[in-house]
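Lettering follows sequence order; numbering is per chain, from 1.
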Amino acid sequence: MSEPKPLSLYVPEPEFRPGDKPDFSNVPIPKAGSVRKPEIDVEAQDIHDLAYSIIRVMNHDGEAVGPWAGLLSDDEVKRGLEDMLRVRAFDSRMLKAQRQGKTSFYMQALGEEAIACAFARALRPGDMNFPTYRQQGLLLSSDYPMVDMMNQIYSNAADPLKGRQLPIMYSSKQHGFFTISGNLATQFIQGVGWAMASAIKGDDKIATSWIGDGSTAESDFHAAMVFASTYRAPVVLNIVNNQWAISTFQGIARGKAATFAARGLGFGIPSLRVDGNDYLAVYAVAKWATDRARAGLGPTLIEYVTYRAGAHSTSDDPSAYRPKEEFDAWPLGDPVKRLKDYLIKRGAWSEALHVQANEILEAEVAEAQRQAVKNGTLHDGPHSSARTMFEDVYKDMPEHLVRQRQEAGV
Amino acid sequence: MSEPKPLSLYVPEPEFRPGDKPDFSNVPIPKAGSVRKPEIDVEAQDIHDLAYSIIRVMNHDGEAVGPWAGLLSDDEVKRGLEDMLRVRAFDSRMLKAQRQGKTSFYMQALGEEAIACAFARALRPGDMNFPTYRQQGLLLSSDYPMVDMMNQIYSNAADPLKGRQLPIMYSSKQHGFFTISGNLATQFIQGVGWAMASAIKGDDKIATSWIGDGSTAESDFHAAMVFASTYRAPVVLNIVNNQWAISTFQGIARGKAATFAARGLGFGIPSLRVDGNDYLAVYAVAKWATDRARAGLGPTLIEYVTYRAGAHSTSDDPSAYRPKEEFDAWPLGDPVKRLKDYLIKRGAWSEALHVQANEILEAEVAEAQRQAVKNGTLHDGPHSSARTMFEDVYKDMPEHLVRQRQEAGV
Amino acid sequence: MARMTMIQAIRSAMDNAMERDDNVVVFGEDVGYFGGVFRCTEGLQKKYGKQRCFDSPINESGIVGSAIGMAAYGLRPCVEIQFADYVMPAFDQISQEASRIRYRSAGDFTTPMVVRMPTGGGIFGGQTHSQSPEAIFAHVSGIKTVVPSNPYDAKGLLIASIEDDDPVMFLEPKRLYNGPFDGHHDRPVTPWSKHDLGEVPEGHYTVPLGKAAIRREGAEVTVLAYGTMVYVAEAAAAETGIDAEIIDLRTILPLDLETIEASVKKTGRCVIVHEATKTCGFGAELMSVVMEGCFYHLEAPVIRVTGYDTPYPHAHEWEYFPGPARVGKALKKVMEAA
Amino acid sequence: MARMTMIQAIRSAMDNAMERDDNVVVFGEDVGYFGGVFRCTEGLQKKYGKQRCFDSPINESGIVGSAIGMAAYGLRPCVEIQFADYVMPAFDQISQEASRIRYRSAGDFTTPMVVRMPTGGGIFGGQTHSQSPEAIFAHVSGIKTVVPSNPYDAKGLLIASIEDDDPVMFLEPKRLYNGPFDGHHDRPVTPWSKHDLGEVPEGHYTVPLGKAAIRREGAEVTVLAYGTMVYVAEAAAAETGIDAEIIDLRTILPLDLETIEASVKKTGRCVIVHEATKTCGFGAELMSVVMEGCFYHLEAPVIRVTGYDTPYPHAHEWEYFPGPARVGKALKKVMEAA
Ligand SMILES: Cc1ncc(C[n+]2csc(CCOP(=O)(O)OP(=O)(O)O)c2C)c(N)n1
Ligand SMILES: Cc1ncc(C[n+]2csc(CCOP(=O)(O)OP(=O)(O)O)c2C)c(N)n1
Ligand SMILES: [Mg+2]
Ligand SMILES: [Mg+2]
């Protein structure tokens, strides 16, 4: 036996802290088009490599290349670009609204807009998303009224959720958007349950579950993996790896080892890793995974490699824990700029059209905001009646709550 | 887009149910000696194959072969055989004691004795096990007094746990055996925390965590994997895959996909799969993994492939859900018989010696039982004083408990 | 009318509910092929197929979390947690999710579902097969909590719970599965076949949630109890000869405030009995309800008889269990008080 | 003596404890490099190194579960749960494990550890950043629960908790981090630098667990409160002119029964205030303690003023929060009662 030697605790550290000059040249980024595209009925064990690589479609020259390319027409791509611009315009205005005191809190999706926007286009009416707080792109790429999102953010009299929820915790059954929880990861297994229900009923709807890199550490992530694999649920399990979980880098959730996608392999779940800032690649894997689910082939795990360009939320200041320049140095670039370059390269878009599209979208957002403000803002009201505070706790108000409501005099 | 088609829920089923004739000839069993032995500082990614194979040392002819063989002297192996026989004798007598009403409950380790007995020999004083209820072999291979185990089982006046715990939920800090919980999987992460503490203090002690196949589905399994990989804790994570979790077969915990060992790869944790009924193989992997941990190389995940030959507990009757003949058909055989054959083949053992050893051990167990019974049994007492019921809830008894104890008149 | 044990009655409730409504599904650890460690779901998989009654992985958060998703889809899951002691890993999904889906979505999503679990001690189950967690459920707004005390109620309440549009925690006192138990552990157990409340209709019926039952009318003191403690209270009343009015709450939440208040106002005295630990147990809430609603009618301080504030011990099960002697003592004390 | 905010006082407590005892380690989500989302652990990693203060994965069960293992080893972990609302995934490890290791091993293993968590509302945090789970902790035998109301106590109680040999849940009312808050949300906040209890020694001292503090002596009615509600009660007393004796419990469990009983016996009246939901909240236990210990001294029914039995709403935060108007109303009502 070897001699006893003192142990020590390893605590992972990100490569760069404030003051450092970020340099990601050692992060392996496979060439666009270089990752193979298997049939949807492939077995997990035959595509282990896809969990350790990055599926990419757009190359540096703005061309779509390789087996995952060629799924979307120029018009569809233009719509995608508009979707992302809409999210960005919406986020920027709501950030400002929070600073102006119209509401208490906001969370933007800056830098990762491609993921929700592209995924939304692979879904069908009746499918259900179980999102986190950074998938506003799912709603903003659908016909959900933007003004209702703002009403919710302002907790005003027209808020569909009656002022009960923290801003951005939207809910819309009709638009396939499950009520967001403030408690991380709980939705991941709920989505699996919803998908199981569709299978139990012999329906054809599928579910998607969403989670952040940091939140994969939560135990409900495991519950979702176990149930999805055991019952081969028609669900797409999406991990948005934007490198950060508030102030902790992704290494705290995975110890610098393996990839998040690789977590699926131990469950026999086909697992893909994709460039999350590449709209075309995200759409392609979303299509592949939703096709699998619809065909009864079971779950897929997808890790989107992206970067949280903004602060975690309006309560956060990232300059305390990471260099300001990280996003610029980030090797996968800006999803909006990349898709714009692609369209321009194809001759389907121009700088002028881009400016014009942005103006139209900003006007759309501004107009929605004018409408929303009419319904009130958080601190100035009006709000839903205080009576609504006691409603919907149960379907019918039980006696003890009736008494409490009476005591409150509402 | 493809046409919508009705989905259906997949529910895994074991191959054989009562009435079926079990036939495991399609279960792939690699030849003894065929799996390679890497250096202990290997990276997880370079030994993926070891999570999908089965490390085996003893071949059909009772010879130890291959790179994992050759670690134990004949005397050590004889001691190992005795350890297993002791567990078997102990279990059989305690099962009977339960039927005689001396206690409320018992759980045996029949068929999987090799795992705890062999692992115990790779540990050092000061190491700590975080066991489940089927690792009595850890204690019975140490110098922990057998009579104290029985006192605990009988909840009698000499029970070191003062009658507070369900039978078999032993605890002994001195003997490296953490207090067993009735709640599955909680200990898996606790063991990781203990190992982290050793690393934090710069000590050289390591921990082991134990879990069953069915319990890997619990969320604390995930917590343990995340923490162990993030902090590279000096812990060995042991999964005893005995094919059954009460009435559900292992497919319910993993959807017939991959292996339990493969769960480790997504965390970058080196993961081994081993023949759990091969004492020599178990010892070899235990040695490899504990050496890794002691060398500061971090956690190892080990899946022991074995079979729960007995009922889940004295409250269970497996004939309701699996064929009685399954254990006989089980391709990895009986760990006791296999080790005995090995020793006989080497000329270090004989049928006569075996009979004799068994007699000695049975006498040892019978003698311990005589001693234990003197201290009382569950229904006849004596027990610890009822006053002890109020002690050790807190270090010092708070006022409200003092009042309750007074009210109880004890 | 058939005679049923509580296990048979519970099984019959699920059977009826599954027969009437395709959306009712049943799952949990060992509940599928085997039919549950207490056999409550025996035969359901055979009758309704593996898509509607199936085994689950051992992950309580997953069981409840997936049930939430199913309920949001439109199903009515009725899941089993093998012992109430093992519901804690699911407490986040229960207290932060199931309980609030309706509220936080303003009624857009709802999660009708039942979480069944055997509760309580008396079977030498030690600290992890004996607990009674009803108080922590009662503290969570948005869920209902039910504790039946006999086969007739168990079936009627379980069907009502499955048909209810809110999430229901359904706690089954396992010591009552085979017969009423009055705490006299050294006497033979009466089987349900010899008890009136063991008479259970084969068909569909409901016992409404939120309505208590008066098990024994009485004038001198009100006893508030549920589950196993109903029989303990009956025994204590018989043995002390005190004319107690014994109320079986049946539903912990919503609570039948009117029945409680009317009875305590009538008797002027009250004893509260439960098996769970004392501090912040449901008895504390009952105390408060009596204080708030009946203070001016009280002739003596209300007394709680409960499990002690310790883990449930194995060897000292009968010292721990609040049996008829302890309840009888409280009855006498509350009667002696000025 | 320095003036400190409650955040600084809490940080100072950990700093002192880490300095005196190498076995004290601090970890949790974002607590390492960044120093915690409320900045309570700022600077500790720099001072004591990454082995003693570090970031954890986002898994509350893992945080508490690993702390149990560390404590069993001999460390004294002091971990942070980012918001009390997020402690539920750890409730199994708390209620079934940490709380019972000493008991079930008959003292062979012990788990001294502190679980810190910001609690309560008043910061527009909505239903998942506002909850007060103290009642469910109080129901668990084997753990202690502490709720400080000011910087001086926060530091002294936290050091006492870290030095305590039992597991302690340490709930920090986040609305008090920067100053006392009396519920008048429309008035400017007084900072701790202007409050006596913001005077905090730099060095080591303890405030003992289990001892309440009388914040205001009074003759007419006893108010039982803790955390933020202490200031709301003070405001209500001042505004109604009722001579209330305001007791700051400080430790929820073990409870200072003697101080409570002595005060209620003296005043004969009692109002209980907390922010958590009403049913089975800690107020129910307080009701029971008063009923059991002071019944014959009571001149009026005790009243609870609490959060309503609904999730904590975002827009209606101030309608939900039990502010001075509601407490004042209860004080008047209890005084009017015969
Ligand atoms: C159960 C729980 N624990 C902690 C938190 C606090 N919290 C909110 S967001 C967050 C970080 C999540 O990071 P990640 O999953 O990577 O998502 P991202 O914010 O990057 O989109 C934390 C710790 C929470 N909301 N719920
Ligand atoms: C949290 C929790 N859930 C459920 C149970 C009930 N239970 C006890 S043992 C068991 C099966 C465990 O199977 P496995 O992990 O394979 O271990 P084995 O019994 O085969 O050794 C179950 C479901 C429990 N003890 N704790
Ligand atoms: Mg992230
Ligand atoms: Mg097993």
| F390(A)-Y308(D) aromatic ring centre distance below 6.0 Å | yes

| field | chain D contacts, top residue of M389(A), E13(A), R17(A) (heavy-atom pairs, under 4.5 Å) | value | R17(A)

| note | Between N183(A) and D85(D), the two heavy atoms sitting closest are ND2-O, 3.5 Å

| task | Give a yes or no on whether the ring-centroid distance for Y321(A) and F34(D) is below 6.0 angstrom. | result | yes

| request: Over all heavy atoms of both residues, which pair between H316(D) and S385(A) is shortest? Give the atoms and the distance, please. | output: NE2-O, 3.5 Å

| Over all atoms of both residues, closest heavy-atom pair of D309(D) and V393(A) | O-CG1, 3.8 Å

| request: Could you look at Q82(D) and say if it's the side chain, the backbone, both or neither that has a heavy atom under 4.5 Å from chain A? | output: side chain

| query | Side chain, backbone, both or neither: which part of S8(A) has a non-hydrogen atom closer than 4.5 Å to chain D? | reply | both

| said: Could you tell me if the side chain of R164(A) sits less than 4.5 Å from the side chain of P311(D), heavy atoms only? | reply: no

| Is it the side chain or the backbone of S315(A) that comes within 4.5 Å of chain D heavy atoms, both, or neither? | neither

| request: Could you tell me which portion of Y320(D) (side chain, backbone, both or neither) has an atom closer than 4.5 angstrom to a non-hydrogen atom of chain A? | output: both

| task | If the plane angle is over 60° it's perpendicular, under 30° parallel, otherwise tilted; pick one for H379(A) and F124(D). | result | perpendicular

| said: Any non-hydrogen side-chain atom of V410(A) less than 4.5 Å from a side-chain atom of E319(D)? | reply: no

| query | Is chain A contacted by the side chain of E317(D), its backbone, both, or neither, given a heavy-atom distance below 4.5 Å? | reply | neither

| request: Mind listing the closest non-hydrogen atom pair of K278(D) and E407(A) along with its distance? | output: NZ-OE1, 4.2 Å

| query | Got more than 12 heavy atoms from elsewhere within 6.0 Å of NZ, K324(A)? | reply | no

| field | Which of D55(D), N59(D), T310(D), I123(D) touches chain A most, by non-hydrogen pairs under 4.5 Å | value | N59(D)

| Which atom pair, heavy atoms only, marks the closest approach of S215(A) to I58(D)? | N-CD1, 4.2 Å

| Checking heavy atoms, do the side chain of I246(A), its backbone, both or neither come under 4.5 Å from chain D? | both

| message | Within the structure provided, determine whether P167(A) and H314(D) are in side-chain contact (heavy-atom separation under 4.5 Å). | response | yes

| note | For L9(A) and Q51(D), the nearest pair of non-hydrogen atoms, with its separation, is O-NE2, 2.7 Å

| Close side-chain approach of Q127(D) to M169(A), heavy-atom, < 4.5 Å | no

| field | Pick from F54(D), Y312(D), F83(D) with the largest number of heavy-atom pairs that fall under 4.5 Å of chain A | value | F54(D)

| query | So among I252(A), T248(A), D316(A), which one has a side chain to side chain contact (heavy atoms under 4.5 Å, CB included) with D30(D)? | reply | T248(A)

| request: Measure distances from T279(D) to the heavy atoms of chain A and classify the residue's part below 4.5 Å as side chain, backbone, both or neither. | output: side chain

